[in-house]
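Worksheet: one structure, shown below.
Because the structure is a prediction, the values reported are computed rather than measured. Note on naming: letters A, B, ... go to the chains in the order of the sequence lines (proteins, then strands), and numbering restarts at 1 for each one.
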Amino acid sequence: MNISNQEYGELAKRHSPPSSMYKTIPMAFVIGGGICTLGEALLNLYEYLGMGKTNAGALTSMTLIFLSALFTGLKLYDRLAQCGGAGTLVPITGFANAMVSPALDFKSEGFVLGLGAKMFSIAGPVIVYGISASVLYGIIYYIVILFMGGL
Amino acid sequence: MDTFMEYVWAFLVGGALCAVGQVLIDLTKLTPARILTTYVVAGVILGAVGLYEPLVDFAGGGATVPLTGFGYLLSKGVREAVLEHGLIGAFTGGFTSAAAGIAAAIFFGLIAALIFKSGSKINE
Amino acid sequence: MALCEGKTFKYSNASILSYASVVGKAESDGPFGDEFDEVIEDNKGGAQTWEQAEALFQQKALGHAMDKAALIPAKMDLVLAGDLLNQCTGSSYGLKDYYIPFLGIYGACSSFAEGLLLAGAMVNAGYVENAAAVTSSHYSSAERQFRFPLNYGGVRTPTAQWTATAAGAAIVSSVPKAPYIRAATIGKIQDMGIKDLNNMGAAMAGAAYDTISRHFRHMGTHPESYDLIITGDLGQVGSEMLYELFRRDGVSIEKWHKDCGLMIFDREKQDVHAGGSGCGCSASIMCAHFLKRVESGDLKRILFCATGALMSPTMVQQGGSIPGIAHAVEITSK
């Protein structure tokens with residue numbers, strides 16, 4: 001080839017259209033904001049029904065996760081994600097979609113090594129690094145209160 | 001704070017957190033799994049240094065629904081468990097506080113996978 | 001180091017006896033919707049899984065091609081087939097019940113040209129009488145293997161391409177009739193250092209440029225010598241890059257160029273970003289449209305250059321780049 005990889009890379013860059021950020025960012029904002037507003041409404045509803053703050057929060061997450069599982073099963077969540085982008089990815093519903101969709105898809109490879117194992121193929125790292133970060137924080141926090149006599 | 005403004009702030013803060021995620025996707029080509037992971041770890045750190053709590057008080061669902069809120073929940077659970085149980089709490093606190101979310105995702109995921117068929121409707 | 005120039009094979013005795021294509025719903029909604037031999041509306045056709053569905057597409061494509069030539073499996077000497085799945089699942093499972101001598105081939109999305117040029121060579125050499133080239137791709141099985149689960153809300157970038165749900169089959173024989181296979185140039189692996197999984201067109205454009213320009217040199221031809229120069233699935237990004245690579249040599253091919261990836265879907269109405277892709281994309285468009293036009297004499301001489309991204313998800317995760325390849329087959333009406 002009469003062109004270096006570096007030159008070729010620049011050529012590729014020049015011809016690759018960037019994402020239309022003027023469209024993607026407002027859409028992510030609106031759809032993501034909408035899901036959060038729904039969360040706020042559920043939170044208020046459950047508190048109004050007499051639940052404590054912690055339980056109302058947990059039930060809100062569970063409801064959103066349930067809705068996400070339902071929409072994923074109805075093949076609607078991936079459609080919403082086509083316009084929503086990060087607006088459907090970042091909320092807890094995106095986490096649920098990341099668990100439900102591989103479970104659904106890999107059911108054909110069996111209930112144990114298909115559905116069961118693949119459920120964590122995308123969401124697994126979230127739990128691995130989220131929990132690890134929290135354990136690390138817990139240890140640091142323990143040492144701090146040990147030496148500083150409680151906070 | 002009146003209820004209407006509560007919803008406005010939930011919308012604006014939640015929307016802004018998602019918009020930041022979109023900027024990351026468009027500019028850095030980070031894969032979705034990396035974005036999710038980054039958000040949760042960021043939530044743990046922001047919760048640990050005490051910056052996330054005021055946001056939760058202010059924006060409610062706008063701060064708890066995005067995955068940073070999940071990270072915040074982990075850090076909060078760990079802190080409370082360490083105060084109550086000592087070092088063992090560093091290991092039990094995270095999962096305890098996130099139990100409802102994780103169990104719901106696993107259980108509803110299983111049910112959905114049993115009921116529905118896979119497939120995409122995009123372009124059909 | 002002197003670069004290997006390779007050879008262009010010339011054929012004197014290889015014709016495409018019959019050809020057929022089978023596509024899914026989205027492809028039938030595209031601009032060539034009414035030219036395919038069969039449309040499987042639910043993309044599954046009664047199969048249990050997407051992989052089985054892809055195998056079914058290949059089985060049906062070869063079945064239609066044999067029917068059109070009034071051939072039965074017992075009269076076939078060889079089938080060369082490939083697809084995108086691990087172990088060429090679509091080919092080996094789709095064609096097993098025909099009991100025809102089988103060679104599995106892999107050239108990613110360039111496989112149809114690879115099959116065609118090998119079938120032509122076997123026929124031309126007199127080793128076999130009837131040899132088929134079959135390839136397929138399926139959006140759902142490819143997505144599962146290479147990207148994300150189908151129902152996952154992953155975001156596609158503008159340079160991403162949409163894997164076509166399609167299969168094409170062509171039977172090559174020595175019976176003299178249009179379309180004739182006249183010449184072929186085997187591509188070299190070209191690694192241009194592209195690492196973006198969602199930009200296959202960029203990874204393949206260099207290979208297409210290399211193969212087409214070598215074919216021109218060996219045949220003493222120019223873009224004007226052909227009615228059309230048809231690439232497989234460069235898509236929008238790859239096609240524009242191909243033009244610019246030729247422009248550097250002072251050659252303009254835009255006027256003669258068509259890309260199957262840009263033709264199979266309606267890019268205005270269907271959400272396919274940079275265009276279609278997959279082994280079945282160029283195979284189905286060739287078998288549904290271009291070979292027909294060569295047979296009727298509407299097109300006299302075409303150069304079909306199918307392009308493939310020899311992408312390994314493992315290597316990409318390890319930080320590796322995506323090598324490309326392209327094979328060219330010259331097809332004429334006389």
Which pair of heavy atoms, one from Trp50(C) and one from Ser140(C), lies closest together, and at what distance? CD2-CB, 3.3 Å
For chain B, which residues from residues 257-270 of chain C lie under 4.5 Å away (heavy-atom distances)? Gln270(C)
Residues which pass side chain to side chain contact (heavy atoms under 4.5 Å, CB included) with Ala160(C), listed by chain and number, not counting sequence neighbours: Arg156(C), Thr157(C), Asn198(C)
Tell me whether Glu27(C) contacts the main-chain N or O of Thr165(C) through its side chain, where contact means a donor paired with an acceptor under 3.5 Å. yes
Ring pair (Phe, Tyr, Trp, His ring centres under 6.0 Å) against Phe290(C), all qualifying residues, sequence neighbours excluded: none
Could Glu54(C) and Lys44(C) be called an ion pair, given the rule that one side-chain N must be under 4.0 Å from one carboxylate O? no
With sequence neighbours excluded, tell me which residues meet ring pair (Phe, Tyr, Trp, His ring centres under 6.0 Å) with Phe32(C). His289(C)
